[in-house]
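The block underneath contains the structure these notes are about, expressed in C-alpha cells.
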Amino acid sequence: MLSFQDISGHEQIIEHLQNAIQQNKVSHAYIFNGEKGSGKKLLATTFAKTLQCEEGGIEPCMKCKSCIQTDSMNQPDIIRVTHEKAGIMVDDIRQQINSDIEIKPYSSKYKIYIIDEAEKMNEAAQNALLKTIEEPPEYAVILLLADNAERLLPTILSRCILLNLKPVSTEQIKKHLMEKRGFTDYQAEISADFAQGNLGKAIRYAA
C-alpha cells in the first residue's frame, strides 16, 4: 500500500519520475541502480503503480482497481520477469518480454516489465533485450533493477535512463523506523547508524 510519499529518501529520483509522468515524457527504459536493500524494487513498483493508476496523477490514488491489483501483485500489465537459474538467460527474455511485448496492454495505458537482478543477464539475454529497447511499442516501459549497472552492456546503458540510488540520511532512516515501523528510539538509532544509508539493511537489523 505504498505511494511516493511513503518512501524515505531518494527525493531527486522521485522528482524525476513524477516530472516524467506529469510532462508525459516517460522513457521506455530505466535502470534503478543501487546495492541490495537500497530501495530499487520499492521505487520501481511505486513508479509502475503510479503509471497504471486510473486517476492519472503523480501519486497512485490507492483506491482504483489498478492500484489494488498492483498491491496484491495481480496487475496484468505489470510483468515481473522471473528466472530460476543463477543467471537470466536469453530464453527468459525472449519468452517473458520479446514474445509478449507486441500484445497490447490488457487494461492499462502501459505495459511494464520489471527485471530484478538485471546484472545477472548473460550477454545473449542482454542482446535480446537490446533489440526490444531499441524499437519498443509506445506503451512499453522496461524497468531494470541492478545491484551493479556496470555489469550491463554499454549499449544497454546508453539506451536507458540511469537512476543511481544514493544513501538515505541516518536521520531519515531513524525517523522511518520509528514512525513507519514502530521501533523504539534506541533500536532505530543503532540500526540507522549500522545501516550506513541502506534502509533495507536497517529494517532487517532492527527486526
Side-chain angles (χ1 to χ4, degrees), residues 1-23 25-27 29-53 55-63 66-67 70-73 75 78 80 110 112-120 141-152 157 160-207:
M1 294 288 290
L2 280 173
S3 68
F4 283 124
Q5 292 174 0
D6 299 309
I7 296 174
S8 297
H10 311 304
E11 293 86 0
Q12 286 176 308
I13 290 176
I14 291 168
E15 186 181 352
H16 175 91
L17 296 173
Q18 289 184 320
N19 284 341
I21 296 168
Q22 198 164 36
Q23 294 166 18
K25 290 183 178 174
V26 175
S27 174
Y30 291 85
I31 298 168
F32 292 81
N33 184 46
E35 65 180 20
K36 184 177 170 65
S38 58
K40 301 185 294 290
K41 200 177 286 186
L42 191 60
L43 280 164
T45 304
T46 306
F47 183 42
K49 183 178 179 179
T50 310
L51 286 175
Q52 304 293 43
C53 176
E55 293 291 312
I58 60 168
E59 287 279 356
C61 75
M62 319 294 275
K63 297 173 190 164
S66 176
C67 283
T70 304
D71 285 336
S72 61
M73 306 278 280
Q75 219 288 5
I78 299 176
R80 291 167 176 82
Y110 296 98
I112 301 171
Y113 296 85
I114 300 176
I115 308 174
D116 197 8
E117 301 181 307
E119 74 280 354
K120 289 187 175 179
V141 179
I142 297 169
L143 308 179
L144 292 87
L145 318 185
D147 293 354
N148 181 5
E150 289 177 12
R151 289 172 63 186
L152 296 170
L157 289 168
C160 299
I161 303 263
L162 179 61
L163 302 170
N164 288 309
L165 277 68
K166 296 190 173 91
V168 180
S169 75
T170 302
E171 203 49 50
Q172 279 180 304
I173 291 177
K174 183 182 172 185
K175 188 179 176 191
H176 178 94
L177 292 175
M178 291 170 67
E179 293 180 5
K180 301 271 196 323
R181 304 277 170 169
F183 291 111
T184 64
D185 183 287
Y186 175 72
Q187 275 177 305
E189 188 156 353
I190 286 185
S191 301
D193 286 341
F194 167 78
Q196 296 185 308
N198 185 313
L199 182 55
K201 198 183 281 185
I203 292 165
R204 289 195 302 276
Y205 185 74

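Every value quoted in this text rests on a predicted model; they were computed, and no experiment measured them.
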So, using side-chain hydrogen bond (donor to acceptor under 3.5 Å, both in side chains) as the criterion, who are the partners of T70 when residues are at least two apart?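 T70 satisfies side-chain hydrogen bond (donor to acceptor under 3.5 Å, both in side chains) with no residue once adjacent residues are dropped.
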
According to side-chain hydrogen bond (donor to acceptor under 3.5 Å, both in side chains), who are the partners of E119, at least two apart in sequence or on a separate chain? none

Quick one: do S38 and E35 satisfy side-chain hydrogen bond (donor to acceptor under 3.5 Å, both in side chains)? Show the steps, please. CA-CA 6 Å; S38 58; E35 65 180 20; over 6 Å; no

If you measure from [atom1] on [X] to [atom2] on [Y], what distance do you get to the nearest 0.5 Å?
X	Y	atom1	atom2	answer
L2	L42	CG	CG	5.0 Å
L143	S27	CG	OG	9.5 Å
C61	K63	SG	NZ	7.0 Å
I58	T50	CD1	OG1	9.0 Å

May I ask you to decide whether D116 forms a salt bridge with K41, counting only side-chain N to carboxylate O separations under 4.0 Å?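 Yes, this pair counts.
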
In plain terms, say whether D147 and K40 are close enough for a salt bridge, that is, a side-chain N and a carboxylate O under 4.0 Å apart. yes

Only counting residues at least two apart or in another chain, list the ones meeting side chain to side chain contact (heavy atoms under 4.5 Å, CB included) with Q23. N19, K25

Just to verify, what does R204 make a side chain to side chain contact (heavy atoms under 4.5 Å, CB included) with, not counting sequence neighbours?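 Partners of R204 by the side chain to side chain contact (heavy atoms under 4.5 Å, CB included) criterion, ordered by chain and then number, come out as K201.
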
Look at atom NZ of K36 and say whether more than 12 heavy atoms of other residues, nucleotides or ligands are closer to it than 6.0 Å.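 Counting neighbours around NZ of K36, 12 or fewer heavy atoms of other residues, nucleotides or ligands fall under 6.0 Å, so no.
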
When the side chains of residues 160-170 are checked against the rest of the protein, which donor-acceptor pairs come out under 3.5 Å, sequence neighbours left out?
from: N164; atom 1: OD1; to: N33; atom 2: ND2; distance (Å): 2.8
from: K166; atom 1: NZ; to: Q12; atom 2: OE1; distance (Å): 3.4
from: S169; atom 1: OG; to: Q172; atom 2: N; distance (Å): 3.1
from: S169; atom 1: OG; to: Q172; atom 2: OE1; distance (Å): 3.3

Apply ring-ring contact (aromatic ring centres under 6.0 Å, His included) to F47 and list each qualifying residue two or more places apart in sequence or on a separate chain.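 If we apply the ring-ring contact (aromatic ring centres under 6.0 Å, His included) test to F47, skipping adjacent residues, the hits are Y30.
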
